[in-house]
Number of protein chains: 2
Amino acid sequence: MSHQSIAYHPEHNHSHCIEQALAQARELCKARKQRLTAIRELVLRLIWQSHQPLGAYDLLPALAEAGFNSAPPTVYRALDFLQTQGLVHRIASLNAFVGCPSPEHAHDGCFLICENCRTVVELDAGSIINQVQTEAQALGFAVRQQTIEISGLCPNCQNPGQSSDS
Amino acid sequence: MSHQSIAYHPEHNHSHCIEQALAQARELCKARKQRLTAIRELVLRLIWQSHQPLGAYDLLPALAEAGFNSAPPTVYRALDFLQTQGLVHRIASLNAFVGCPSPEHAHDGCFLICENCRTVVELDAGSIINQVQTEAQALGFAVRQQTIEISGLCPNCQNPGQSSDS
DNA sequence: AAAGCTGGTGTTATAGTATAACCATTAATG
DNA sequence: CATTAATGGTTATACTATAACACCAGCTTT
């Protein structure tokens, strides 16, 4: 992972970020013989507009503008598909959705959520997940899914007088 | 923590569990000069009826039976109070609430959620939280709150043909 | 080509979760 | 007792998510 790929980094190139995500999504769906339809690709593109998670209802106006119907089931279906393919994650504590930077292997994310600028970064959570596994196993609990969402302040928002993204 | 205090344990004595939770709540509120009113105590008692989290709307009928009004704001106010006092936790992935076994010190819980019997156990999560802190600090992120919710199967529900609590 | 199947989408309605806003009442304080 | 703060009642509404059924396009099977 390069420094630029981290959303906090001043040199983060988001247009590269989003185009790469879309290209990878197209590749993955092709390889898996899944259909990345126009609606699904649009929803994915909208979610990748930023590293701030979007709610399902935030997506509806843009779908309407693009000429699709804009009833909730449409966007939830697209989101279900994208989640199943690992292309987006749902953030339970926000009821919102964010693009996944590594959709090629199925995994639960571990997220850092900035309370000021709302930017979300997905951690490589190997050691945390191992720790959870260890503690769960000590109680005989079989882990199937992990929801790990950390709220706080990102490096950029810890300096007072800094511009906010809200 | 004794073995019996773990909800999975065959000798878990829940009537002891709930009475202790209520007694501790009364003590804590008294010490903090906070008012554990009838509604608040009833909501706490209802939540402690089991180790399965309850949704806010699950509580309304019981409030009505007890002669209180049963509109949503009533129960959400009680839940807000109980959360502020550390007496209950909200499980974001379930939109539900569970009693906290150690309300005397403020903390975020780390929960094991059984997908079969829906029993939730709160871990002593020191080492997990440390691990999270370490990873967050490496990115310059200042942690304020942690949401850690693990879904899977509890020991009792991993044996097929076993009775379910649903 | 006709019939039948599948997956994706359109559409309407409704379920489920949470809060805003305003008013009445009760409890704590001086 | 008067004042103030905290609590609760009430109505309405916002926000999040899904059920259920209809339609259609593309495909397979005959």
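Computation of the quantities below employed the complete heavy-atom set of this structure, encompassing side-chain atoms and omitting hydrogens, waters and symmetry-equivalent molecules. So you know, we letter chains A, B, ... as the sequences are listed, proteins then strands, and number each from 1.
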For DNA chain C, which residues in residues 24-46 of chain A have a heavy atom at a distance below 4.0 Å?
->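 Only R35(A), T37(A), I39(A), R40(A) qualify.
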Under a 4.0 Å heavy-atom cut-off, which of residues 55-63 of chain A touch DNA chain C?
->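 Nothing qualifies; none.
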Of all the heavy-atom pairs spanning H89(B) and C100(B), show the shortest one and how long it is.
->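 For H89(B) and C100(B), the tightest heavy-atom pair comes out as NE2-SG, 3.2 Å.
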State, to 0.1 Å, how close A38(B) and F68(B) come at their nearest heavy-atom pair, and which atoms those are.
->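 In terms of heavy atoms, the two residues are closest at CB-CZ, 3.9 Å.
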Main-chain N/O of [Y] paired with [X] side-chain donor or acceptor, under 3.5 Å:
X       : Y       : value
T84(A)  : D80(A)  : yes
Q145(A) : D108(A) : no
E149(A) : A92(A)  : yes
Q52(B)  : R118(B) : no
Q146(B) : C110(B) : no
R40(B)  : R35(B)  : yes

Integer-rounded Å distance: [N] [atom2] and [X] [atom1]:
X      : N       : atom1 : atom2 : answer
I91(B) : dA18(C) : CD1   : C1'   : 17 Å
F97(B) : dG16(C) : CZ    : C1'   : 13 Å
D80(A) : dT9(C)  : CG    : C1'   : 14 Å
Y76(A) : dA13(C) : OH    : C1'   : 16 Å
L54(A) : dC15(D) : CG    : P     : 15 Å
F81(B) : dA6(D)  : CZ    : P     : 12 Å
N69(B) : dA24(C) : CG    : C1'   : 13 Å

Aromatic plane relationship, F97(B) with Y76(B) - under 30° parallel, 30 to 60° tilted, over 60° perpendicular |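 Plane angle over 60°, so perpendicular.
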Should the pair H12(B) and H14(B) be assigned to parallel (<30°), tilted (30 to 60°) or perpendicular (>60°) ring geometry?
->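 Geometry flag for H14(B) against H12(B): tilted rings.
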Would you give the length of the straight line joining atom CG of L82(A) to atom SG of C29(A), rounded to the nearest 0.5 angstrom?
->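 Rounded to the nearest 0.5 Å, the CG-SG separation comes to 7.5 Å.
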Any N95(A) side-chain nitrogen or oxygen under 4.0 Å from OP1 or OP2 of dA17(D) |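 Yes, because at least one side-chain N or O of N95(A) sits under 4.0 Å from OP1 or OP2 of dA17(D).
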Counting only side-chain N and O atoms of T74(A), is one of them less than 4.0 Å from OP1 or OP2 of dG10(C)?
->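 Yes, T74(A) has a side-chain N/O under 4.0 Å of OP1/OP2 on dG10(C).
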Does NE2 belonging to H16(A) count more than 12 external heavy atoms closer than 6.0 Å?
->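 12 or below, so no.
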Would you mind reading off the bend of the helix from dA1(C)-dT30(D) to dG30(C)-dC1(D) from its two end axes, five pairs each, to 10 degrees?
->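 The end-segment axes of the helix from dA1(C)-dT30(D) to dG30(C)-dC1(D) are tilted 30° relative to each other.
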Starting from the 5' end of DNA chain D, give me the residue, F68(B) or P72(B), whose nearest nucleotide shows up first.
->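 Mapping each residue to its closest nucleotide by heavy atoms, the 5'-most match is F68(B).
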Enumerate the residue pairs fulfilling salt bridge (Lys or Arg N to Asp or Glu O under 4.0 Å) with a member in residues 12-32 of chain A, sequence neighbours excluded, ordered by first and then second residue.
->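 As it turns out, the salt bridge (Lys or Arg N to Asp or Glu O under 4.0 Å) pairs with a partner in residues 12-32 of chain A, which skip direct neighbours, are E19(A)-R45(A), R26(A)-E41(A).
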Encode nucleotides 20-29 of chain D as B, S and - characters from 5' to 3', where the letter depends on protein heavy atoms closer than 4.0 Å: B to the base, S only to sugar-phosphate, - to neither.
-> B---------
Cluster partners of V120(A), using ILVMFWY side-chain heavy atoms under 4.5 angstrom, listed by chain and number?
->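 Cluster partners of V120(A): I91(A), L94(A), V98(A), F111(A), I113(A).
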